[in-house]
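All values derive from a computational prediction rather than experimental measurement. Note on naming: letters A, B, ... go to the chains in the order of the sequence lines (proteins, then strands), and numbering restarts at 1 for each one.
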2 protein chains.
Amino acid sequence: MIPANEQNPVSPADLDFWSFVALANRKLATEYGFAHQLATQVLITLNRASDLVTYDLEASVHRPRGRSWSAFRLLFVIWLAGPMEPSTAARLTGMSRAAVSNLTKTLIGDGLLARTAAERDGRSVTLSLTDAGQAEMVDVFREHNEREFEWADALTEAEQRTLISLLDKLITAERAIEVRGRA
Amino acid sequence: MIPANEQNPVSPADLDFWSFVALANRKLATEYGFAHQLATQVLITLNRASDLVTYDLEASVHRPRGRSWSAFRLLFVIWLAGPMEPSTAARLTGMSRAAVSNLTKTLIGDGLLARTAAERDGRSVTLSLTDAGQAEMVDVFREHNEREFEWADALTEAEQRTLISLLDKLITAERAIEVRGRA
DNA sequence: TCGAAATAGTTAACGCTTTAATCAGTTCTT
DNA sequence: AAGAACTGATTAAAGCGTTAACTATTTCGA
């Protein structure tokens, strides 16, 4: 078989994620002259890593219990931060307010959440966990946390802290551009 | 105003992402005795960072052109790796084959992709960029890459390389568990 | 204090993704 | 060479998320 090289590029069918990234890197630089390949590599890898982990956790822990990834995230913040208004939940989870509203409907139907009128503002409501919701979170998080550990354990504790601080720096930096977030 | 402390916890409405993570950390450890908080912190941060970046790029670069994030990813791999079968595109983008099939339909309708019968296998097809697709990618990637740079520029080049290698290590590690991926 | 503007939540319409089922073509086994 | 098992792509049905419009309430300013 003829070895792949510049003149005989490897067939796309033989590429995996990392060899594709390498190929993309080379072509973006040499054929098109784009300047910021390292940035591309950072964001592509970030995206891929997050997708892999999220899909795995959802598929192995939450779907089997009939729960979606988003439902888990919503219950998670209310579980730990306590009763709150939908807009706060949206901010802490990164969802839109509409998504919270829709999720809330099903979670109330499943008996995990309760919605009560807000104290000070007649427009608003307070979301809180029911006893069943509380119990479910304690139970499901045991499994969730074990699997999180399986993932994170690939890195040393020091590496994990480094990763967190680099991601922190990435998302909290002051920027010339205005970052677009959900309405 | 009474300062927040253990006895007078801050109201959820006042939490931002990082103070929530800190609070979650504390409660998971002290109230519930979960062992792997650092893992939780790594994965929560990874997820949040990826969501922020992806949403921003989609909202500022791709939606205004009438294109979705996924459509961009699909065109991107075909642009750089060349014509390929749908299953290869699914593997490289991390989408399901059904998602590729659906996206392909609209992108062909928009004149950016072409679908031709595969050479060797009568069941398969080959997806390739049209001239218009090629031109659009060169054009849109200019903008995309500039904005990627704005994000990544928060880190030094060394930090970016560290981040990539930590994420690489995270997703390519051998594990006891079997990681769940898309069908 | 009264009307306008702003804000909280929900609803509606639409698009995208997922899993499961289906169709078509290939490969393996005998 | 024929049938069974397999593989690739597509389609169907269902679920979920998004933006935009809408309703109700509150706040601000003349």
Exercise for the section: Go through D:dT19, C:dT10, D:dT10 for me and flag the one nearest to the B:Tyr55 side chain. Expected result: D:dT19
Problem - Distance, rounded to the nearest Å, where B:Lys105 contributes NZ and D:dT10 contributes C1' - result: 7 Å
Exercise for the section: Could you tell me whether A:Asp121 contacts a base, only the sugar-phosphate backbone, or nothing, with contacts defined as non-hydrogen atoms closer than 4.0 Å? Expected result: sugar-phosphate
Problem - Spacing between B:Ile108 atom CD1 and D:dA9 atom P, to the nearest angstrom - result: 13 Å
Practice task
Whole angstrom is fine here: how far is it from CD in B:Glu58 over to P in C:dC16?
Solution key: 10 Å
Practice task
For C:dT17, take OP1 and OP2 only and decide whether either is under 4.0 Å from a side-chain N or O of B:Ser96.
Solution key: no
Exercise for the section: May I have the distance from A:Glu85 (atom CD) to C:dG9 (atom P), rounded to whole angstrom? Expected result: 5 Å
Problem - Interatomic distance, B:Arg67 CZ vs C:dG15 C1' [rounded to whole Å] - result: 14 Å
Practice task
Give a yes-or-no answer on whether the side chains of B:Ser60 and B:Arg147 include a donor-acceptor pair shorter than 3.5 Å.
Solution key: yes
Practice task
Give a yes/no answer on whether the side chain of B:Arg180 brings an N or O atom under 4.0 Å of OP1 or OP2 in C:dT18.
Solution key: no
Exercise for the section: Fit a plane to each ring of B:Trp79 and A:Phe34, take the angle between them on a 0 to 90° scale, and name the class: parallel (under 30°), tilted (30 to 60°) or perpendicular (over 60°). Expected result: perpendicular
Practice task
Examine the side chains of B:Thr54 and B:Asp51 and answer whether a donor and an acceptor come within less than 3.5 Å of each other.
Solution key: no
Fill in the blank from the handout: Taken to the nearest whole Å, CG/A:Leu103 to P/D:dC16 is 8 Å
Problem - Interatomic distance where CZ belongs to B:Arg91 and P belongs to D:dG8 [whole Å] - result: 11 Å
Practice task
Using a 4.0 Å heavy-atom cut-off across all strands, classify B:Ser87 as base, sugar-phosphate, or nothing.
Solution key: sugar-phosphate
Exercise for the section: Confirm from the modelled atom types if A:Arg123 and C:dT7 form a donor-acceptor pair under 3.5 Å, side chain to base only. Expected result: yes
Completion exercise
Of A:Ala98 and B:Arg115, the one whose nearest nucleotide on DNA chain D sits closer to the 5' end is B:Arg115
Handout entry: Aromatic plane relationship, B:Phe141 with B:His144 - under 30° parallel, 30 to 60° tilted, over 60° perpendicular
Key = parallel
Handout entry: Between D:dG17 (P) and B:Asp51 (CG): distance, integer Å
Key = 11 Å
Practice task
Between C:dG9, D:dC16, D:dT11, spot the one nearest the side chain of B:Asn102, thanks.
Solution key: D:dT11
Problem - Residues B:Asp56, A:Arg175: salt bridge by 4.0 Å N-O rule - result: no
Problem - Phosphate contact (C:dA8 OP1 or OP2) by A:Ser124 side-chain N/O below 4.0 Å - result: no
Exercise for the section: Tell me which of A:Gly66 and A:Arg120 sits closer to the 5' end of DNA chain D, going by the nucleotide each one is nearest to. Expected result: A:Gly66
